[in-house]
There are 2 protein chains.
Amino acid sequence: MGLTRTEIFSTEQNQLATLFKALAHPARIAILQRILSSNTCICGDLVDELGLAQATISQHLKELKNAEIIQGTIEGVSVCYCINPVTWKSIETQMSAFLGAYKQEASCC
Amino acid sequence: MGLTRTEIFSTEQNQLATLFKALAHPARIAILQRILSSNTCICGDLVDELGLAQATISQHLKELKNAEIIQGTIEGVSVCYCINPVTWKSIETQMSAFLGAYKQEASCC
DNA sequence: AAATTAAATCGTAATATTGCAATATATAAT
DNA sequence: ATTATATATTGCAATATTACGATTTAATTT
């Protein structure tokens, strides 16, 4: 117990849930919004701007990287992060397919 | 520690994260897909169809209800669940605003 | 090569989530 | 009223997440 029973769900269901999970933290939303608005984003800037410790930011960045939502390039001593365009497109596709599946027919309750 | 520091984020960021969190489990995705395909959905059917205990299904339904993503009506001995159209619309709006904020300009890395 | 700077990793404490058996509650049928 | 059926709640164990100080790793500058 205490462990998600992924075996009983479809790959699609697990993937979608994993994607949502990667986005299910305000710090990660904030990091992504920062990247979205600046296009570019140096890791250290996030530490200054969000009120979280360097280790914490680094951990959130790692999760976003693991989900392949962002990618980082070493730029001298710093690391520059940006959106992974392929994954972002895929997120848009998957989520709009999921959300768009609702057709407001005669509601039952 | 071990507790999300919501105070340092905007209401919008927290709301979006909360929404994503409600959807961040394959059982809840499966439940929603089931409702989306049938429009109607009796709680007991979910227990039969997904391979999870009745208490577990009930708990996931409660989370979706708390997030106001679904609503339930007592129908005799059973409970009939369906999508909350207002919240669903709002999810679509919020998520597409968030995802649509990415304009693939000259990528930096 | 030593010092500096930036980011990642480790270790750990606090809290949250997941799953289920057992029990409680609520409505319907007898 | 009693019984049957369906769902919710409680209690608890196992695992996951969040946060951060301390340390390590990696690249740059001196």
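Note that the structure is a prediction, hence the values are computed from the model and not measured. Just so we're on the same page: letters track the sequence lines, and every chain starts at 1.
- Close to dA8(D), at under 4.0 Å from its OP1 or OP2, lies a side-chain N or O of K65(B).
- Listed by chain and number, the residues in a side-chain hydrogen bond (donor to acceptor under 3.5 Å, both in side chains) with R34(B) are S38(B), E49(B) (sequence neighbours excluded).
- Counting any heavy atom pair closer than 4.0 Å across all strands shown, T4(B) reaches sugar-phosphate atoms only and no base atom.
- Counting only heavy atoms from C-beta on, K21(A) has its side chain closest to dA16(D) among dT7(D), dA16(D), dC20(D).
- Distance CG (L23(A)) to C1' (dT18(D)): 17 Å, rounded to an integer number of Å.
- To the nearest angstrom, P of dA6(D) lies 10 Å from CG of D45(B).
- Toward the 5′ end of DNA chain D lies the nearest nucleotide of E63(A), the other residue of the pair I74(A) and E63(A) mapping further downstream.
- The line from CG of L23(B) to CE of M95(A) is 8.0 Å long, rounded to the nearest 0.5 Å.
- Closest approach of L36(B) and F98(A) over heavy atoms only: CD1-O, 3.7 Å.
- Rounding to whole angstrom units, CG of residue L52(B) and P of dA8(D) are separated by 15 Å.
- Two residues, G44(A) and L3(A), neighbour DNA chain C, and the one matched to the more 5' nucleotide by heavy-atom proximity is G44(A).
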For the pair C82(B) and I70(B), evaluate side-chain contact (heavy atoms from CB on, under 4.5 Å) and give the outcome as yes or no after the intermediate values. CA-CA 6 Å; C82(B) 68; I70(B) 62 173; over 6 Å; no
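- Running 5' to 3' along DNA chain C, contacts with non-hydrogen atoms of chain B at under 4.0 Å begin and end at dA14(C) to dA28(C).
- Atom-to-atom distance recorded for C41(B):SG and L46(B):CG is 3.5 Å, nearest 0.5 angstrom.
- Counting non-hydrogen atoms of other residues, nucleotides and ligands closer than 6.0 Å to CD of E68(B) gives a total of 12 or fewer.
- The base of dA6(D) is not paired with the side chain of Q54(B) by any donor and acceptor separated by under 3.5 Å.
- Rounded to a whole Å, the CG atom of N14(B) is 13 Å from the P atom of dT18(D).
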Please assess F20(B) against R28(A) for the test side-chain contact (heavy atoms from CB on, under 4.5 Å), listing each intermediate value before the final yes or no. CA-CA 11 Å; F20(B) 281 126; R28(A) 295 196 287 276; over 6 Å; no
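- In this structure, F9(A) and H25(B) have perpendicular ring planes: the angle between them is above 60°, well past the 30° mark.
- Rounded to a whole Å, the CZ atom of R5(A) is 15 Å from the P atom of dA16(D).
- Residue A55(B) is in base contact, counting any heavy-atom pair closer than 4.0 Å across all strands shown.
- For the pair F9(B) CZ and dT18(D) P, the interatomic distance rounds to 11 Å; values are reported in whole Å.
- For dA8(D), the OP1/OP2 oxygens have a side-chain nitrogen or oxygen of S58(B) closer than 4.0 Å.
- Among the protein residues, I57(B) comes within range of no part of the nucleic acid, since none of its heavy atoms lies under 4.0 Å from any strand.
- Within the nucleic acid shown, V77(B) comes within 4.0 Å of at least one base atom, counting heavy atoms only.
- Residue Q59(A) contributes atom CD, which lies 8 Å from atom P of dT18(D) at whole-angstrom precision.
- Within 4.0 Å of S78(A), counting heavy atoms only, lie sugar-phosphate atoms of the nucleic acid but no base atom.
- Rounded to a whole Å, the CG atom of L46(B) is 15 Å from the C1' atom of dA8(D).
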